[in-house]
A.B. asks: 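Take this structure, written in structure tokens, and hold onto it; I'll ask about it next.
In what follows, every chain begins at residue 1, and chains take the letters A, B, ... in the order their sequences are listed. The basis for the numbers below is simple: all heavy atoms, side chains too, and nothing from hydrogens, waters or symmetry mates.
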Number of protein chains: 2
Amino acid sequence: MFLVRVAKDPEIRRKEILNAAIELFEEKGYDATAVSDIVKKVGVAQGTFYYHFKSKEDVLDAFLDDIIEEIRVKLTAICDMEIDSIGKVLYYFRVFNTAGIGRERMMVYLHEERNALLHLKLEKKIYPKVLPPFQKIIQQGISEGVFDTEYPYEAAVAIFGASNAISEGKHDHAITEVTEDRRLLTTTDVMERILGAEKGIFIKYYRDKMEEKR
Amino acid sequence: MFLVRVAKDPEIRRKEILNAAIELFEEKGYDATAVSDIVKKVGVAQGTFYYHFKSKEDVLDAFLDDIIEEIRVKLTAICDMEIDSIGKVLYYFRVFNTAGIGRERMMVYLHEERNALLHLKLEKKIYPKVLPPFQKIIQQGISEGVFDTEYPYEAAVAIFGASNAISEGKHDHAITEVTEDRRLLTTTDVMERILGAEKGIFIKYYRDKMEEKR
DNA sequence: TATTACTGACTGACAGTCAGTCAGTTTAGG
DNA sequence: CCTAAACTGACTGACTGTCAGTCAGTAATA
């Protein structure tokens with residue numbers, strides 16, 4: 001038994017392998033996906049994998065870079081919009097709620113122990129991409145007079161940390177049952193406080209301008 | 001070559017294995033520590049390991065349970081103290097800054113990729129232990145009239161998320177250089193805002209009552 | 001013909017298994 | 001009360017299966 005050997009443009013092959021890997025990562029998790037599974041799915045030899053990727057972790061990095069680049073592009077677009085800072089903050093968060101596989105599934109997925117490495121790497125890689133533009137939005141808000149903080153960078157860091165913790169709590173350790181509505185309410189409340197914004201300004205803006213666009 | 005076989009009280013043996021494992025985890029990281037390394041260090045056979053532990057992950061869980069129990073005991077003590085909520089909050093955070101190997105080393109350790117599983121598991125396990133008592137402190141503060149929030153639980157979650165994010169070295173790419181002093185300043189600022197406390201109240205209390213005790 | 005893409009058998013390291021060993025303890029017969 | 005047989009459970013270490021990663025060689029292509 002033998003198969004015809006096909007040589008493809010390396011970029012094409014690389015994509016093939018990467019896509020197969022991503023599908024398997026989403027299906028079985030990173031740990032449980034063997035390199036032999038990936039090459040079987042693509043229909044190439046094990047060596048081909050290592051011709052295109054340095055290691056199994058290297059594919060993971062490529063996967064994460066894809067996700068992060070997708071998000072970065074969207075965020076840059078938001079920063080360049082000609083709207084006020086409140087709107088930008090809300091758009092900014094909408095990107096996270098819809099990015100990648102979709103926040104809900106993504107969140108559960110990231111918290112599975114078989115994806116621990118993926119989780120850690122994503123966190124490490126995404127913050128430097130996301131925080132500087134967010135800081136700019138906050139500074140815009142300060143100029144506009146709607147935000148008031150001495151530490152715009154740390155405010156950005158704190159908001160991401162806090163909102164992440166609030167929405168993660170849903171999956172793990174919530175005492176009170178957390179509805180989607182309460183999550184929105186508490187997250188915007190915390191954001192307003194950290195940014196020194198008028199109480200209720202985000203929720204008001206959200207109800208007026210964001211919801212109608214759904 | 002042969003060694004005398006020694007049978008010990010299972011609890012003793014278990015501790016021996018656990019301690020050796022912990023030392024190796026701290027030295028080489030979780031991933032890089034092989035079960036064969038652990039048993040070599042204790043001087044027992046591989047099978048003995050699996051007589052006392054279900055799996056390699058099982059030792060990790062035992063290790064984490066140890067750390068968490070140590071912290072839980074300290075936190076409970078703080079909650080039972082007869083002092084005001086501001087003091088309790090500050091003591092609460094001091095426990096985290098000195099717990100385990102020491103915050104600084106622990107933080108670096110946890111962010112190494114070879115410890116990704118350890119990191120994720122610790123996060124998952126520690127929050128349910130830490131948040132409910134912290135919520136109680138916040139409620140005490142509300143009764144005392146120094147805090148003002150409608151969402152004490154989410155405030156607790158947000159504070160942990162935010163302060164973690166600020167100190168976790170997500171500020172690797174910070175524009176301003178982050179000193180220990182700035183970290184304290186920004187963290188207390190964020191806490192005050194989330195809790196609706198008077199501006200500067202934590203820092204003032206810290207400088208007055210906490211620093212003298214060092 | 002040279003270079004590039006690819007092959008798949010191979011290696012070494014690892015987590016976990018298992019049939020069997022042996023020191024100590026309990027039981028039963030004298 | 002002694003002792004030998006039966007039993008228990010901690011322990012052994014060679015073994016298995018799986019996996020990431022390697023490499024000497026082969027086919028396709030420029």
A.B. asks: Just the rounded figure in Å: distance from C1' of D:dG9 to NE2 of B:His52.
C.D. replies: 10 Å
A.B. asks: What pairs with A:Lys88 under side-chain hydrogen bond (donor to acceptor under 3.5 Å, both in side chains), at least two apart in sequence or on another chain?
C.D. replies: A:Gln140
A.B. asks: Taking only residues two or more places apart in sequence or in another chain, which ones pass side-chain hydrogen bond (donor to acceptor under 3.5 Å, both in side chains) with B:Lys41?
C.D. replies: B:Glu23
A.B. asks: Rounding to an integer number of Å, can you tell me how far A:Phe53 CZ sits from C:dA5 P?
C.D. replies: 14 Å
A.B. asks: Output the rounded distance in Å from NZ (A:Lys40) to C1' (D:dT18).
C.D. replies: 12 Å
A.B. asks: Can you list every ring pair (Phe, Tyr, Trp, His ring centres under 6.0 Å) pair that touches residues 16-47 of chain B, not counting sequence neighbours?
C.D. replies: B:Phe25-B:Tyr30
A.B. asks: Could you tell me which residues satisfy side-chain hydrogen bond (donor to acceptor under 3.5 Å, both in side chains) with B:Thr48, sequence neighbours excluded, listed by chain and number?
C.D. replies: none
A.B. asks: Please report, rounded to the nearest Å, how far the P atom of C:dC14 is from the CG atom of B:Leu24.
C.D. replies: 12 Å
A.B. asks: Closest to the B:Ala45 side chain: D:dC11, D:dG13, C:dG8?
C.D. replies: D:dG13
A.B. asks: Quick one: A:Tyr30 OH to D:dC19 C1', roughly how many Å, whole number?
C.D. replies: 12 Å
A.B. asks: B:Asp58 has an atom CG; how far is it from atom P of C:dA15, in whole Å?
C.D. replies: 14 Å
A.B. asks: Could you state the OH-P distance from A:Tyr51 to C:dT3, rounded to the nearest angstrom?
C.D. replies: 13 Å
A.B. asks: Salt bridge (charged side-chain N to carboxylate O under 4.0 Å, His left out) with A:Asp61: which residues, sequence neighbours excluded?
C.D. replies: A:Lys121, A:Lys125
A.B. asks: Taking OP1 and OP2 of C:dA5, is either one under 4.0 Å from a side-chain nitrogen or oxygen of A:Arg13?
C.D. replies: no
A.B. asks: How are the rings of A:His119 and A:His111 set to each other: parallel, tilted or perpendicular (split at 30° and 60°)?
C.D. replies: perpendicular
A.B. asks: Separation of B:Leu117 atom CG from C:dA15 atom P, in whole Å?
C.D. replies: 13 Å
A.B. asks: Reading nucleotides 21-30 of chain D 5' to 3', which nucleotides get B (base under 4.0 Å from a protein heavy atom), which S (sugar-phosphate only), which -?
C.D. replies: BBB-BBSS--
